[in-house]
K.L.:
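Can you read through this structure? Questions will come right after.
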Amino acid sequence: MNTNYLNELDQFAREILKEAGQAIKNPAKLTIDTKLHRKDLVTNMDKAIQDMVFAKIADKYQDHKFLGEEEQENKARSMDGYVWILDPIDGTQNFVYFRRDFVISLALFVDNVGMLGYVYDVVRDELYSAKKGMGAYVNSEPMECVNKEVTIDQGLLLTEHNALLKYKFAQACMDRAISVRMMGCCALEMIYVIAGRVSCYINGNCSGWDIAGAVVITEEMGIKISHMDGSEYSLLEDHVNLLVAKPEIHTELVEMYNTMG
Ligand code: IPD
Ligand code: CA
Ligand code: CA
């Protein structure tokens with residue numbers, strides 16, 4: 001892709017994210033609804049952010065497609081062409097109960113290749129970003145791995161309750177790890193794997209919009225992402241399992257999953 005065009009899109013995405021972040025920091029009255037079940041929360045803010053982001057992109061780039069978590073007309077059904085993938089608030093339960101540890105996740109894929117990825121931690125005002133082939137950043141600082149040597153037995157495990165309920169593999173990882181943490185914000189948890197703060201992230205029930213922004217950033221930093229059995233994920237999938245780890249640990253974890261399920 002033409003570099004000038006990519007830079008223009010990058011600038012445009014950053015401006016939208018800033019505006020969306022401001023809206024989240026100064027919410028009007030919050031209304032909370034449920035979707036598939038009583039724990040699946042959505043607020044008027046999730047919907048407002050998605051509508052705002054997609055309207056701005058559609059207005060400027062009429063040939064681009066969209067895939068968002070919330071209800072939307074003309075959801076992208078393939079990854080051909082320019083596809084923006086948005087989770088307007090990843091960590092909605094945290095947003096509702098704690099008002100922290102939630103992010104806006106946005107990515108641009110072109111013919112299924114992640115070109116731009118953003119995970120915006122609104123409360124900490126930390127924007128994690130990556131442009132394909134040009135490194136990953138937190139605000140304007142290059143991202144670094146704080147603990148390159150982390151192993152399954154000498155690290156913390158990040159996971160969530162579906163994985164622990166469904167998979168012996170996740171329980172075995174919990175047993176091996178120094179301890180277990182659950183943040184409730186998939187995109188941010190994937191970012192923590194890059195930083196080496198944890199050995200890996202295991203999710204039993206996630207969808208393309210949860211991971212798209214973080215996928216571009218984590219892959220740029222050489223982290224491996226797959227289903228637990230090692231097979232390739234698709235950003236068009238809903239409610240699937242996911243394993244995120246450094247390549248060395250990833251291979252060992254896939255072997256563990258494939259022997260115990
Ligand atoms: C959820 C959160 C949660 C993860 C779920 C996601 P939402 O996204 O990231 O931590 O365990 O798989 O669906 O509903 O807050 O956007
Ligand atoms: Ca999400
Ligand atoms: Ca969400």
Side-chain angles (χ1 to χ4, degrees), residues 1-2 5-24 27-28 31-37 40-92 95 102-120 122 129-132 185-187 190 203 205-217 219 225 227 232-240 242:
M1 189 204 289
N2 175 307
Y5 189 42
L6 189 63
N7 289 342
E8 174 192 313
L9 292 167
D10 176 36
Q11 213 41 52
F12 178 70
R14 287 169 187 273
E15 281 159 24
I16 298 178
L17 286 167
K18 209 168 188 187
E19 200 174 317
Q22 280 307 326
I24 293 186
T31 55
I32 301 159
D33 269 317
T34 54
K35 294 190 285 185
L36 295 178
H37 50 78
D40 190 10
L41 305 182
V42 62
T43 72
N44 52 338
M45 188 55 78
D46 298 66
K47 294 176 191 168
I49 298 293
Q50 178 167 309
D51 290 348
M52 188 272 267
V53 171
F54 285 171
K56 282 191 182 282
I57 300 171
D59 191 44
K60 197 153 179 208
Y61 302 106
Q62 285 85 14
D63 57 330
H64 292 196
K65 299 189 289 181
F66 311 99
L67 178 61
E69 173 168 16
E70 309 310 337
E71 238 171 75
Q72 156 201 352
E73 275 176 23
N74 304 324
K75 269 194 194 231
R77 300 275 170 229
S78 92
M79 294 297 288
D80 297 341
Y82 288 75
V83 184
W84 291 90
I85 306 181
L86 173 74
D87 190 341
I89 300 182
D90 182 43
T92 296
F95 175 62
F102 61 85
V103 298
I104 307 172
S105 166
L106 180 66
L108 173 66
F109 280 72
V110 182
D111 293 329
N112 205 27
V113 177
M115 300 303 294
L116 298 173
Y118 308 91
V119 171
Y120 183 26
V122 176
S129 68
K131 222 185 275 178
K132 188 170 174 51
C185 181
C186 181
M190 290 172 70
N203 186 313
N205 182 31
C206 74
S207 306
W209 49 77
D210 295 314
I211 66 173
V215 157
V216 181
I217 303 168
E219 289 189 339
I225 307 165
H227 294 310
E232 211 175 305
Y233 63 89
S234 152
L235 292 167
L236 298 171
E237 290 174 317
D238 286 356
H239 308 297
V240 292
L242 194 80

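What you see below is based on every heavy atom in this structure, not just the backbone, and it leaves out hydrogens, waters and symmetry mates.
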K.L.:
Under 6.0 Å between the ring centres of Phe109 and Tyr82?
P.N.:
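Not under 6.0 Å, so no.
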
K.L.:
Please determine if Lys75 forms a cation-pi arrangement with Trp209, meaning its NZ or CZ atom is less than 6.0 Å from the six-membered ring centre and no more than 45° off the ring axis.
P.N.:
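Yes; both conditions hold, so Lys75 lies above the ring face of Trp209.
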
K.L.:
Would you give the length of the straight line joining atom CG of Leu108 to atom CG of Leu9, rounded to the nearest 0.5 angstrom?
P.N.:
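Atom-to-atom, Leu108:CG and Leu9:CG are 6.0 Å apart.
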
K.L.:
Could you tell me whether the side chain of Asp90 and the main chain of Val103 form a donor-acceptor pair under 3.5 Å?
P.N.:
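Not confirmed, Asp90 side chain does not pair with Val103 backbone.
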
K.L.:
Is Arg14 salt-bridged to Asp10, cutoff N-O under 4.0 Å?
P.N.:
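A salt bridge is present here (some side-chain N lies under 4.0 Å from a carboxylate O).
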
K.L.:
Which residue, Lys47, Lys35, Gln50, forms the side-chain hydrogen bond (donor to acceptor under 3.5 Å, both in side chains) with Glu69?
P.N.:
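Only match with Glu69 under side-chain hydrogen bond (donor to acceptor under 3.5 Å, both in side chains): Lys35.
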
K.L.:
Does a donor on one side chain sit under 3.5 Å from an acceptor on the other, for Asn7 and Lys131?
P.N.:
yes

K.L.:
Has Lys65 got a side-chain atom pairing as donor or acceptor with Asp80's backbone, closer than 3.5 angstrom?
P.N.:
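Pair found, side chain donor or acceptor close to backbone of Asp80.
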
K.L.:
Would you compute the distance between atom CG of Leu106 and atom CD1 of Ile49 and round it to the nearest 0.5 angstrom?
P.N.:
11.5 Å

K.L.:
First locate atom CD of Gln62, then atom CD1 of Ile57, and finally report the distance between them rounded to the nearest 0.5 Å.
P.N.:
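Here the rounded value is 12.0 Å.
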
K.L.:
When you check the gap from the basic side-chain N to the acidic O, do Lys56 and Glu19 get nearer than 4.0 Å?
P.N.:
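Salt bridge flag = yes for Glu19 with Lys56.
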
K.L.:
What are the two closest non-hydrogen atoms of Ile225 and Leu242, and how far apart are they?
P.N.:
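So the minimum-distance heavy-atom pair works out to CG2-CD1, 3.7 Å.
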
K.L.:
Say you draw a straight line from OH of Tyr5 to OH of Tyr61; how long is it, rounded to the nearest 0.5 Å?
P.N.:
5.5 Å

K.L.:
Measure from the side-chain N and O atoms of Ser207 to the backbone N and O of Asp210, and report whether any donor-acceptor pair falls under 3.5 Å.
P.N.:
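No.
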
K.L.:
Nearest 0.5 Å please: distance from the OG1 atom of Thr34 over to the CG atom of Asp40.
P.N.:
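Here the interatomic distance stands at 7.5 Å.
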
